[in-house]
Amino acid sequence: MDSLEEIFRRALKSKIFRNREKLLPDYVPEALPHREEEIRKIASVLAPSLRGEKPSNLFIYGLTGTGKTAVVRYVLSRLEASARESGQRVRAIYVNARYRDTPYRVLADIGEGVGVSIPFTGLSTGEIFARIVKKASDAGVIYIVVLDEIDFLVKRRGDDVLYKLTRINGELRSSKVSLIGITNSVDFIESLDPRVKSSLGEVELVFPPYNAEQLKDILSMRAREAFQPGALEEDVIPLCAALAAREHGDARRALDLLRVAGELAERGGAERVRKEHVMKAREEIERDRVVEVIRTLPLHGKLVLLAVISTTAGGRTHTTTGEVYDKYKLLTRRLSLETVTLRRVSGILAELDMLGVISGRVISKGRYGKTRVIELSADLSALLRALSEDITIGELTEEVGREALGKRDSLRRREGEEGR
DNA sequence: CCTCCACAGGAAGCGCAGGAGT
DNA sequence: ACTCCTGCGCTTCCTGTGGAGG
């Protein structure tokens, strides 16, 4: 019987993908190659929860894309399954502090995991805390709270909440809470209040970066599930692995590359994924990132960025804070806007640096002061395109862009002529 | 060796918008 | 209608500092 479903399925059948979702960052695979040891270690730390004992707090450190989150989620889902079987009440609560970077939102998420509904905003953190304690106290559950990218929370709000959380067990009756902190910032642990540090770091675990060989294994394994057999040319996986290995062995980056390369191949109607698709994917990922970062920038952030572009136009590759500020003032005057202070611009530049749009390092020029030397670290045309999306500064961007690109091109031409 | 530049970057606080509770 | 809370973009005021020039 040829049902409609059959027709649709044939129409939907991709030559490239079998199951694209297996390459998405939040997919937790059922095997995590080269992380067997970490898995066993975490499992053994958490195992006491199955007997109703509170597991030690755990602190995990490792660069982005080293599998921290995946490993923790994997172990927790196995743990919860095993607890269900044995009738022990174990509940995992996962919070990512990068996106929930205020004590309020972190507590709100924990509250939700515990089963209290908490409004989007409006309560004091103390109030939420009290509600959580009230709800959880007699539930007789072992809660395992994962605070992923915990540094984002502490960097911006201090370790107050953490301190409270590490002491929550004193206020609970039959329930227990143990914490798993995850971070990719090395100096984070040192910045903590010693009391928090010793409590959170009862057990510590370091995830080393993957090397190119290991990345290849990971990619191959995922590719088997995600792609049609033979859809990848031989050199695709090694290339993705090599590119990602260059970026501190970031497996997430490697998987993104592979997925986007596949999407490009499919969109382009190619039979197989080739090297060129990977290279194009790399550009596209970078461009998307830049556009996204810039879209969410406040107006003066965009203007400061424009000033950086303008002052690095032409043969100059770098500029300084003072120069940028002067240029920024000129630009705001053109638009008859108020200017922000130098302090704020300095802060904006630091943010842009963190976002990877510019890169700067603080140097001292002795008698001539100390400043941040800045250069653009994202692609110029991608930046300009993203900035011109903003209505207020669109025209100005085009003007600066013409200037910057024009100078760059004429410089290239001149170099070309001299070369002859 | 000391000075002093040109900023870095911490701390406190302000006005506003958005949302909740009462 | 009113109060209270938070996040945000920002200001004000501040202390800190690497090293060229005196």
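Atoms considered below: every heavy atom in the structure, side chains included; atoms not considered: hydrogens, waters and symmetry mates.
Residues A:Gly366 and A:Arg372 each lie close to DNA chain B; by heavy-atom proximity, the contact nearer the 5' end of the strand is made by A:Gly366.
A cation-pi arrangement is present between A:Arg35 and A:Tyr210, with the terminal nitrogen or guanidinium carbon under 6.0 Å from the aromatic centre and inside a 45° cone about the axis.
Side-chain atoms of A:Arg343 lie closest to B:dG9 of the nucleotides C:dG21, C:dT11, B:dG9. If you check C:dG9, C:dT11, C:dG21 against the side chain of A:Tyr368, the one that comes closest is C:dG21. Distances were taken from every side-chain heavy atom of A:Lys370 (C-beta onward) to each of B:dT3, C:dG19, B:dA6; the shortest belongs to B:dA6. Across C:dT11, C:dG19, B:dG9, the shortest atom-to-atom separation from the side chain of A:Arg344 is found for C:dT11. Ranking B:dA8, C:dC10, C:dC13 by closeness to the A:Ile348 side chain, first place goes to C:dC10.
Taking atom CG of residue A:Leu352 and atom P of nucleotide B:dG9, one finds them 13 Å apart after rounding to whole Å. Distance CG (A:Asp353) to C1' (B:dC7): 15 Å, rounded to an integer number of Å. Taking atom CZ of residue A:Arg367 and atom P of nucleotide B:dA6, one finds them 10 Å apart after rounding to whole Å. Rounded to an integer number of Å, the gap from NZ of A:Lys365 to P of B:dT3 is 23 Å. We find that CD of A:Glu351 is positioned 11 Å from P of C:dC8, with the value rounded to whole Å. The CG-P distance, from A:Leu299 to C:dC10, rounds to 8 Å in whole Å. Atom NZ of A:Lys302 is separated from atom P of C:dC10 by 12 Å (rounded to the nearest Å). One atom, CD of A:Glu338, and another, C1' of C:dG9, lie 14 Å apart when rounded to the nearest Å.
Residues A:Pro33 and A:Arg222 form no side-chain contact, since every pair of their non-hydrogen atoms from C-beta on lies 4.5 Å or further apart. The side-chain heavy atoms of A:Lys216 and A:Leu219, taken from C-beta on, include no pair separated by under 4.5 Å.
Side-chain atoms of A:Ser178 and A:Asn57 form no donor-acceptor pair, as typed in the model, at a separation below 3.5 Å.
Side-chain nitrogen and oxygen atoms of A:Ser364 include none within less than 4.0 Å of the OP1 or OP2 phosphate oxygen of B:dC5. Taking only side-chain nitrogens and oxygens, A:Thr341 comes nearer than 4.0 Å to OP1 or OP2 of C:dT11. Taking 4.0 angstrom as the limit, A:Ser346 places none of its side-chain polar atoms (N or O) nearer than this to OP1 or OP2 of B:dC7.
Scanning all heavy atoms of the two residues, the minimum distance from A:Leu23 to A:Ala226 falls at CG-CB, 3.6 Å.
In this structure, A:Thr339 reaches the sugar-phosphate backbone alone: every heavy-atom distance under 4.0 Å involves primed, P, OP1 or OP2 atoms, never a base.
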